[in-house]
Each structure stands twice: as structure tokens, then as C-alpha cells.
Amino acid sequence: MTTQPKSIPMLDLQAQYEPIKNDVLNAITSVFESKHFILGPQGKLFEASLADYCGSDYGVGVSSGTDALIIALMALDIKPGDEIITSSMTFFATAGSIARTGAVPVFVDIDPDTYNIDPKKIEEKITTKTKAIMPVHLYGQMADMESIMGIAKRHNLHVIEDAAQAIGASVTWSDGSVRKAGTIGDIGCFSFFPGKNLGCCGDGGGVVTNDKSLYETLIHLRNHGAHPKYYHQIIGGNFRLDELQAAVLNVKLPYLEDQHNGRQRNASFYNSKLEGSQFKTPVVTSGNRMIFNQYTLRCKNRDVVLEKLKEKRIAHAVYYPVPLHLQDCFKELGYKEGDLPETEQAAKEVFSIPVFTELSDEDKEWIVEILLN
Ligand SMILES: *Cc1c(COP(=O)(O)O)cnc(C)c1O
């Protein structure tokens, strides 16, 4: 019996900050001393590094993961009334951004093993109004992109990857090549919210693309559509990543692989200890590299388990308790309970436990002990 630690958080940002503190503070100081706060050298450097890390031709820093999705939709000229196929088991921003462009989110059920959109159920939802598919790479594992790209090609649809939780995830394609999250569709969208594997010190996001003309449109859109300055052929917005955020991201990006590896080690530990228990452990599809932004378990009596974790002060979270097709704000889309049975069942059964890199062995042992007793 291990002794009970004080409490275990979902994420320990202090532990993440400690080893890079000097570099972060120096980077912040240098931005202040340059007095160049918006669209400067830090942002440029980060955009090149992001593209390089992802293996894409172009990267653009933007103001958040949400704005990454919005600007991607705008760049692909998504218009009011257009239909965008996506998952209902995701963070609100996925469908929120679709709705904010005036388009209609069309929800497709998930694969109950990976919690990602089920490609077998996409084609039946395609209509003459469908313009794009927006797969979400939930918890850090990519959706079945090879099937999705096949469908998109057959129906001439755009693909926008919501890779907010999946920077650095990858999949081995049937031709043997390794493809990274965000680089397969027309545009890939990332979030640098502090809780993501690569987090800044506020809000931040990024998009990547291999299409030069889309890249130029994205660059203009994130700065009100201006090109050149004060001349506007298109309407954009203020979707800029600021220099302070970019400077912090430049410090943290070189440690991102370590962050992924630590999370994967913790996930393997949990997998080995929880195998054969009442908990369904994460299913990683063959060829996938999952970066475990979340480690998500599934069980029938979730309430009892969560109560136990709460009592022992072990942080936990449900991503997400209400599927998006059943949210009040989407009532007029006409979905009802029972429309997406796998999504609805998963929403009742999933919960995530701490998996962050700096989690101690002691804490992991303790979490397992509590879960199994
Ligand atoms: C975090 C997240 C977003 C939004 O990112 P923000 O940076 O918080 O705006 C979008 N989609 C998914 C799946 C996310 O997890």
C-alpha cells in the first residue's frame, strides 16, 4: 500500500516550467526589450519551426485553436448554408467554429474504440451542400485519415483537420510513408492552450498547409484580410499570434518530443496495470502514433469511480459529458437522443486521468491502486 500523496493534478504546469524557466524568462524579456509585440521575428521563427516539426510546407501562427478552425474555414471559402461533416464527440470549438461561419455542422457517429469519427458513416451524410469534412484527432490519436481522404476525393470535399489535441501524432499510410497530424487535409489546425501537449502562456494556435495559395490567403485573413496594408480584397479578422506567445512556444517546441514520450510512457504503465480490469484502456489503431493529450478510460459505473477519485483528491475529467449534437445551442439542427448511439454511450462512460509527463511513479502507482480497489 503506497501512502497517499496530497493531491494529484490533471496537469502540473509548475513542473513543466521549472526546467526551462531561465529560457522562458529570457525569451519574454527579449520581447519586451524589442518592443515588437505583434507580427515580428518570434512569430516568423515559430511559423517556420511549426511547419518543419509537422513536415508541412507552410505554418501560420494564429490567436487560438478556435481561430485556427475559423480561419481555415474562411480560407476555404465556406459560406452560410454549407454543410461540414464532423464529430459530435469533441470540444465545443469544433462545431462552434463551423456554426460561426454560418455553415451547418453535420454530426457523424464515432468508432467506439478510438472515439474518432467513423468513416463508414460519413458517406450517408453527404449532400449537395456538403463542402468539407472536419475530422478531430481526439485525445491525441488521429482519425482514420486514409479512409477520410478517399471519401473526400470521391466527393470533391475539402478536409480540415482539427488537430488541436494531436500535434506530433502520426500514422503510417498504406504506401509505407509516415504522415503527421495536420498535414494530410487541406489545412491542419493546432491549439497551444496551456493544457495541450505544446502550450503557451495564454491563448495561441497555428495552422499548417502544403498549398501556397491557401497559405497566402491564411496570412492575409489573420490580419483583417489586408494585402497590402490598408487594402482589403477579402474580409479577415484579428487572428494574430502575439510575439510573447511565439517566444514561449519557440522555447518549448524543442521539448515537445520529450513531452510526448513521457505521456506515452505513463500511458503504457496504465495500460499494463489496468489490462483485464473493468476499465477499457485506450485503443491505438495499428500504425498510429498517439501523443496522449488525454489518457481516457471507459467503464459502466463511471459515477462510482469518479466519486472515489474525488475523495482521494486525484484529478480527473470527462471529455466530454454532453455530445455536441445534443447541446442546447444546436437544438434547431434537429438532432435527438439516439441519433448517434456510439457517441452518446461513450459520453456516459469515458473519463480521463492525469497522464502528464512529469507525473511521478509514486503518483501513477497510487492512481492505479485507487482505480483497482
Ligand atoms: C482545445 C481544442 C480546440 C480549441 O483550441 P483553443 O486554443 O482552446 O481555442 C479545438 N478543438 C479541439 C478538439 C480542442 O481540444
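Positions are given from 1 along the sequence. All heavy atoms count here, side chains included; hydrogens, waters and symmetry mates do not. Order of listing sets the numbers, starting from 1, for every ligand and every atom in it.
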**Prompt:** Regarding K300 and the six-membered ring of F279, is the cationic atom NZ or CZ under 6.0 Å from the ring centre and inside 45° of its axis?
**Reply:** no
**Fill in**
Numbered in order shown, the ligand 1 atoms found under 4.0 Å of a heavy atom of T90 are 13 (C)
**Message:** Assess, by modelled atom type and distance only, whether the side chains of Q141 and T114 contain a donor and an acceptor separated by less than 3.5 Å.
**Reply:** no
**Item:** Where ligand 1 meets A93 - atom numbers and elements under 4.0 angstrom, heavy-atom basis
**Value:** 4 (C), 10 (C)
**Asked** Judging by distance only, is a nitrogen or oxygen of G65 under 3.5 angstrom from one on ligand 1?
**Response** yes
**Message:** Would you compute the distance between atom CG of L249 and atom SG of C200 and round it to the nearest 0.5 angstrom?
**Reply:** 5.0 Å
**Prompt:** So which protein heavy atom does atom 15 (O) of ligand 1 come closest to, and at what separation?
**Reply:** Q165 NE2, 2.8 Å
**Request:** Return yes if a side-chain donor-acceptor contact under 3.5 Å exists between Q233 and H227, otherwise no.
**Result:** no
**Fill in**
Atoms of ligand 1 under 4.0 Å from any heavy atom of T66, numbered from 1 in the order shown, are 4 (C), 5 (O), 6 (P), 9 (O)
**Message:** Checking N210 against S56 for the side-chain hydrogen bond (donor to acceptor under 3.5 Å, both in side chains) test, could you report, in this order, the C-alpha distance in whole Å, the side-chain angles of both residues, the deciding distance, and whether it holds?
**Reply:** CA-CA 6 Å; N210 292 320; S56 66; 4.7 Å; no
**Heavy atom of D203, distance to ligand 1 below 4.0 Å** = no
**Message:** Return the closest protein heavy atom for atom 11 (N) of ligand 1 as residue, atom name and distance.
**Reply:** D162 OD2, 2.8 Å
**Message:** Is it true that N238 and H224 share a donor-acceptor pair across their side chains at a distance under 3.5 Å?
**Reply:** no
**Asked** Which protein heavy atom lies closest to atom 1 (C) of ligand 1, and at what distance to 0.1 Å?
**Response** K196 NZ, 1.5 Å
